[in-house]
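First comes the structure, then the notes that go with it.
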Amino acid sequence: KTPAWREVYAEILDQLVARHTTYHSAIDWLTMLGHDPKRANYPEEYRGLIPAEHWGNYDAPGWTANGIEPWGLQMDPVGADGNLFYKGFFLLILGLHRYVSGDAKWDRPFEMVRDGENTFTWSYGRIAQHLADQWRARPEGCHCENTKIWPYCLSGAGLGLMMHDKLMGTKHHEVFDVWWEHALKNYMSFGANGDPEWVALYYDPIIDHVQSAGPLGGIVTSLYLAPQRREIANTFYDFAARTLGLRDPARDIPMLPDRRINALLYTLATERRGSGWTRSTTARWSPHGADPSSRGASG
């Protein structure tokens, strides 16, 4: 939309990628080793984040728990079995840089973390291939923090793979398609009217537990889902807009405790208006999403 600024955007994206290769970008994975020593003393506000029967003996979301069994200590933040949020969103940033700039510099091998023996070599293509291979072996989804599989992060990682396919001619995104069928059956539920009843915050395969984020839980995935499963992204947005009263001119738009959600809702409203999202009263979404030929590489 602003081609004269392309070089500026490319420079910003290049610096974002460069920052993501540093030790501090992965500091949680590199330093949150074992179980959280404070988990017996979490504040009451954490109760909605933790399985009720495991309160006091369970790591909260955000604690990466590198080193716990059955995975053991894995210091490579990309190569690890877990840490999906890190490699998935990194892949997306790499794709955005490649798409905007046309520069292939990050296609070439580069070093990450660079902390003595904890120095790891990756490239844009290798990260995409590695993530697709990991995901293919785990159709329920790769985990982020150890023990937790997040639909939010998997949606972002799926978009990263989709961008790589469109830019580089690979076919990695098919792992998302397989996962999506699993997610529809296990990570969300819809009422007879098509509105979401609940969407998973995360799934813990070790204890076979889905932690619900409630009916509004899908809104955070919508930005990343829109290019991949456009109709259901619209369903999540539409439900949030109606529930929060965003379409009532007589009401003030609520300023939510997490201001990022307000920014997300504004972004989705702009996306919906500009792209011709439609709401059908008979079928708001299809399990197979929109016609693949109509899907874009960015949301």
Side-chain angles (χ1 to χ4, degrees), residues 10-39 42 49 58-98 100-101 103-138 141-150 152-154 156-161 163-164 168 172 202 204-206 224 260:
E11 182 178 354
I12 292 170
L13 285 162
D14 184 57
Q15 291 184 35
L16 288 172
V17 173
R19 286 170 66 91
H20 212 96
T21 70
T22 66
Y23 175 90
H24 282 91
S25 73
I27 195 168
D28 47 0
W29 183 257
L30 300 174
T31 60
M32 292 180 177
L33 307 181
H35 292 295
D36 186 356
K38 298 181 180 179
R39 64 183 187 170
Y42 287 152
L49 303 174
Y58 193 87
D59 298 329
W63 184 269
T64 55
N66 184 11
I68 68 169
E69 297 302 327
W71 302 285
L73 193 64
Q74 299 178 318
M75 297 305 285
D76 185 343
V78 174
D81 287 297
N83 216 23
L84 179 276
F85 66 91
Y86 181 87
K87 71 192 86 176
F89 286 112
F90 186 28
L91 184 69
L92 183 55
I93 297 170
L94 284 161
L96 288 168
H97 173 267
R98 186 72 158 80
V100 170
S101 70
D103 187 347
K105 65 176 290 186
W106 297 105
D107 297 356
R108 298 184 287 274
F110 54 83
E111 291 186 343
M112 296 189 61
V113 181
R114 302 185 293 279
D115 180 31
E117 66 179 18
N118 292 323
T119 299
F120 311 99
T121 302
W122 289 94
S123 67
Y124 179 35
R126 281 194 63 214
I127 294 174
Q129 181 68 62
H130 178 68
L131 174 56
D133 290 343
Q134 280 192 322
W135 204 339
R136 190 171 292 107
R138 301 170 181 81
C142 307
H143 53 277
C144 288
E145 303 99 335
N146 277 333
T147 81
K148 298 177 182 68
I149 295 170
W150 290 69
Y152 167 69
C153 299
L154 287 159
L159 184 55
L161 290 174
M163 288 198 71
H164 189 275
M168 312 303 288
H172 298 320
Y202 62 81
D204 185 331
I206 302 298
Y224 308 109
R260 292 174 299 175

Ile93 and Trp106: CA distance, side-chain angles, deciding distance, side chain to side chain contact (heavy atoms under 4.5 Å, CB included) verdict: CA-CA 11 Å; Ile93 297 170; Trp106 297 105; over 6 Å; no
Has Trp71 got a side-chain atom pairing as donor or acceptor with Thr147's backbone, closer than 3.5 angstrom? no
According to the side chain to side chain donor-acceptor pair (under 3.5 Å) rule, which pairs have a member within residues 16-28, sequence neighbours left out? Thr21-Arg114, Ser25-Tyr86
Could you tell me if the side chain of Ile149 sits less than 4.5 Å from the side chain of Pro205, heavy atoms only? yes
Ala80 backbone acceptor or donor facing Gln134 side chain under 3.5 Å: yes
Can you tell me how far the CD1 atom of Ile12 sits from the OG atom of Ser101, to the nearest 0.5 Å? 12.5 Å
Backbone N or O of Tyr124 within a donor-acceptor pair of the Asp107 side chain at under 3.5 Å? no
Where is the tightest heavy-atom contact between Trp29 and Pro77, given as atom of each residue plus distance? CD1-CA, 3.9 Å
Checking Tyr58 now: which residues fulfil side-chain hydrogen bond (donor to acceptor under 3.5 Å, both in side chains) with it, not counting sequence neighbours? Asp204
Residue pair Leu161, Leu131: steps toward the side chain to side chain contact (heavy atoms under 4.5 Å, CB included) verdict: CA-CA 8 Å; Leu161 290 174; Leu131 174 56; 4.1 Å; yes
Grab the two heavy atoms, one from Tyr202 and one from Lys148, that are nearest each other, plus how far apart they are. CD1-CG, 3.8 Å
Okay, side chain of Asn66, backbone of Leu73: is any donor-acceptor separation there less than 3.5 Å? no
So that I know where these two stand, are Phe85 and Phe90 an aromatic pair - ring centroids less than 6.0 Å apart? no
Run the ring-centre check on Tyr224 versus Phe89 and record whether the distance is less than 6.0 Å. yes
To the nearest 0.5 Å, what is the distance between NE2 (His97) and CD (Glu11)? 10.0 Å
Show the nearest heavy-atom pair for residues Pro70 and Ile206, with the distance to one decimal. CD-CD1, 4.3 Å
Asp36 and Tyr42: CA distance, side-chain angles, deciding distance, side chain to side chain contact (heavy atoms under 4.5 Å, CB included) verdict: CA-CA 10 Å; Asp36 186 356; Tyr42 287 152; 2.6 Å; yes
From CA spacing to verdict: side chain to side chain contact (heavy atoms under 4.5 Å, CB included), Met112, Thr119: CA-CA 6 Å; Met112 296 189 61; Thr119 299; over 6 Å; no
If you look at every heavy atom in Ala157 and Leu84, which pair is closest and at what distance? CB-CD2, 4.1 Å
Can you check whether Gly82's main-chain N or O pairs, donor with acceptor, with Lys87's side chain at less than 3.5 Å? yes
Is there a donor-acceptor pair closer than 3.5 Å between any side-chain N or O of Arg126 and the backbone N or O of Thr121? yes
Just checking, is any N or O donor in the side chain of Trp150 or Glu145 under 3.5 Å from an acceptor N or O on the other one? yes
With the side chain counted from C-beta on, respond yes when Val113 and Leu30 share a heavy-atom pair under 4.5 Å apart, and no when they do not. yes
His130 ring center near Trp122 ring center (under 6.0 Å): yes
With side chain to side chain contact (heavy atoms under 4.5 Å, CB included) as the test, pick out the partner of Arg98 among Lys105, Met168, His164. Met168
Taking all non-hydrogen atoms of both residues into account, name the closest pair between Trp135 and Leu154 and its distance. CH2-O, 3.3 Å
Answer yes or no: is there a side-chain heavy-atom contact under 4.5 Å between Glu111 and Phe120? no
Taking only residues two or more places apart in sequence, or in another chain, which ones meet Asp59 in a salt bridge (Lys or Arg N to Asp or Glu O under 4.0 Å)? Arg39
Supply the atom-to-atom distance Thr64 OG1 to His143 NE2, rounded to the nearest 0.5 angstrom. 10.5 Å
